Amino acid sequence: MDKNLIIYNSLTRKKEKFEPIKSPYVGLYVCGPTVYGDAHLGHARPAITFDLLYRYLKHLDYKVRYVRNITDVGHLENDADDGEDKIAKKARLEQLEPMEVVEYFTHRYHENMEALNVLRPNIEPKASGHIIEQQLMAEKIIEHGFAYEVNGSIYFDVEKYNEKHDYGKLSGRKLEDLQSNTRQLEGQDEKKNPFDFALWKKAAPEHIMRWPSKWSEGFPGWHLECSTMSTKYLGEQFDIHGGGMDLLFPHHECEIAQSTAANGKESVKYWMHNNMITINGQKMGKSLGNFITLEELFSGNHKLLEKPYSPMTVRFFILQAHYRSTVDFSNEALQAAEKGLERLLKAGKILQQLIAEKESTVNIDELKANCYQSINDDLNSPILIAHLFEAVRFIYLIKEGKEKINAKDLEQLKNLYQTFVYDILGLQEEQSDNSEFTSDLIDMILTLRLEAKKNKDFSTADKIRDELTKKGITIKDTKDGFEWEQN
Ligand code: ZN
């Protein structure tokens, strides 16, 4: 398999040929959800973006180890070092054990991802299961002189780090600008500088998620979990780190600083960031009333939604935009995606029934080359989809007898559809297993009826027709068999 993938690296701000550190092995780490509420549209985008990447890397025969974490501790409000962990807050308000909150929403997240046909990562580590590793990494950073202790809390010394390394290399921010822009906030006075961030935080008496450490009973800082777990499962240097653009600063900037401070070297070769989702042109936010969970989207149960949208419609809609562009959700756009997806999948069924001829009047080699070219160009899914609609056009023209296809090309076109539509874009028919089973059964019964007719056993044939009619199945006898419809 030709490996010609080019990806945009947020670190160098350039498109680069993807060359794994130790081909064919690829280490991929993606920042996962904080599990204190239902997954919403904002969760669907990185999940689908990096699912596309994961599927394509596997298609290219790379051996991918995909790690996506679950944040279940230390994720503080407004990303500040003070305040309450969102999971702990939910647990306190609903009188639950924090791990009950975590398990409940992790389970629901998995259900949503499965509906969207997002493949599971190979490893899904939880921050709460890696407290010791986080302490050890904090200790290493202290030993190397890039962190300090105050009142049982450990802070990363950004200024000190910046003397030796480049803090801000990912986000393009300069420390001098941060220094002049940040004010000393109340309650943050134990830090040397307001932009220093916590590696370990001493727990306030009311804080319920806490672990013992040599510094204090407390909890790890959010940025530290991703540095720790990526290092543990992918090594000190690995290939790709992904996440939403909203995580670029400070989360990923801090991750770079932590790993470099602990291990003395850059840990990630390619940083990839997906852009954000807006709703009717507005930023999504709880206070704006336009916050739509995936559950609500699938059921249509939200005042902004005209109807329910199936998980595959949502997946197709997200893939219709390039991952580095913004996506605006609107009813019109979703309904257009729904129609487009239906056309694409229906053509896939017609393709299976096409009959090969001696010659071809369509160019499948060119179509295939175009498909690869678009996906290789930084996962350009909208262009890929445009080429697949060219395949749809061919399929209808061949069906109508206006174009011809030979056996070799037909096989190739079928492979192309399987590879790009189902395997790489991850699109699938949404018919439930149950209705597929029912439809197979009806086909089988009607085939038996056809045989009865051939054997001139008309009483059996009529009986089958009458019984199915009673069940709401309309049968139409055709020249070469039958057609049926469920009312
Ligand atoms: Zn992260």
Side-chain angles (χ1 to χ4, degrees), residues 9-11 27-37 39-40 42-51 53-54 65-81 85-87 102 105-106 109 113 118 121-131 133-135 137-138 141 156 167-171 197-201 209 219-263 266-276 323:
N9 189 349
S10 310
L11 190 63
L28 168 64
Y29 187 92
V30 175
C31 291
T34 306
V35 280
Y36 66 95
H40 52 78
H43 290 100
R45 191 146 198 219
I48 290 170
T49 297
F50 294 102
D51 187 54
L53 175 67
Y54 178 44
R65 185 180 295 161
Y66 178 13
V67 183
R68 188 185 64 207
N69 67 305
I70 295 281
T71 294
D72 61 351
V73 292
H75 194 147
L76 301 174
E77 293 285 355
N78 305 321
D79 194 45
D81 294 326
D85 185 322
K86 289 170 182 171
I87 291 160
V102 168
F105 287 111
T106 303
Y109 177 76
M113 291 306 116
V118 167
N122 303 101
I123 305 175
E124 197 174 43
K126 283 181 182 167
S128 63
H130 299 76
I131 301 293
E133 288 89 338
Q134 291 177 76
Q135 292 180 359
M137 193 161 191
I141 297 172
F156 191 92
Y167 183 81
K169 66 197 287 187
L170 180 67
S171 59
F197 54 91
L199 300 178
W200 184 264
K201 191 80 186 145
M209 291 180 96
F219 55 94
W222 168 42
H223 311 312
L224 191 58
E225 73 178 79
C226 288
S227 292
T228 303
M229 295 189 287
S230 60
T231 308
K232 172 160 180 167
Y233 297 110
L234 300 174
E236 287 182 7
Q237 287 185 298
F238 61 95
D239 300 293
I240 307 173
H241 191 314
M245 232 167 226
D246 53 334
L247 299 180
L248 198 141
F249 188 88
H251 185 52
H252 293 158
E253 196 73 76
C254 295
E255 274 190 51
I256 292 178
Q258 289 167 157
S259 299
T260 310
N263 306 322
E266 187 72 53
S267 55
V268 177
K269 191 168 178 191
Y270 305 95
W271 283 91
M272 290 177 76
H273 293 94
N274 64 273
N275 213 322
M276 299 291 107
Y323 74 92

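A quick note: this is a predicted structure, and the numbers were derived from the prediction, not measured. We count ligands from 1, going down the list as the structure has it; atoms in each ligand are counted the same way.
Exactly one residue among Cys31, Pro250, Ser267 makes a side-chain contact (heavy atoms from CB on, under 4.5 Å) with Glu255. That residue is Cys31.
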field: From CA spacing to verdict: side chain to side chain contact (heavy atoms under 4.5 Å, CB included), Met272, Tyr323
entry: CA-CA 10 Å; Met272 290 177 76; Tyr323 74 92; 3.4 Å; yes
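Closest approach of Ala47 to Met113, counting heavy atoms only: CB-SD, 3.4 Å.
Distance check, rounded to the nearest 0.5 Å: CH2 of Trp222 to CG of Leu247 gives 5.0 Å.
The ring-ring contact (aromatic ring centres under 6.0 Å, His included) test applied to Phe156 returns Tyr161, Phe197, not counting sequence neighbours.
Under 3.5 Å, the side chains of Ser10 and His273 contain a donor-acceptor pair of N or O atoms.
Shown here are the protein N/O/S atoms lying under 2.8 Å from the Zn ion (ligand 1), water excluded: Cys31 SG, Cys226 SG, His251 NE2.
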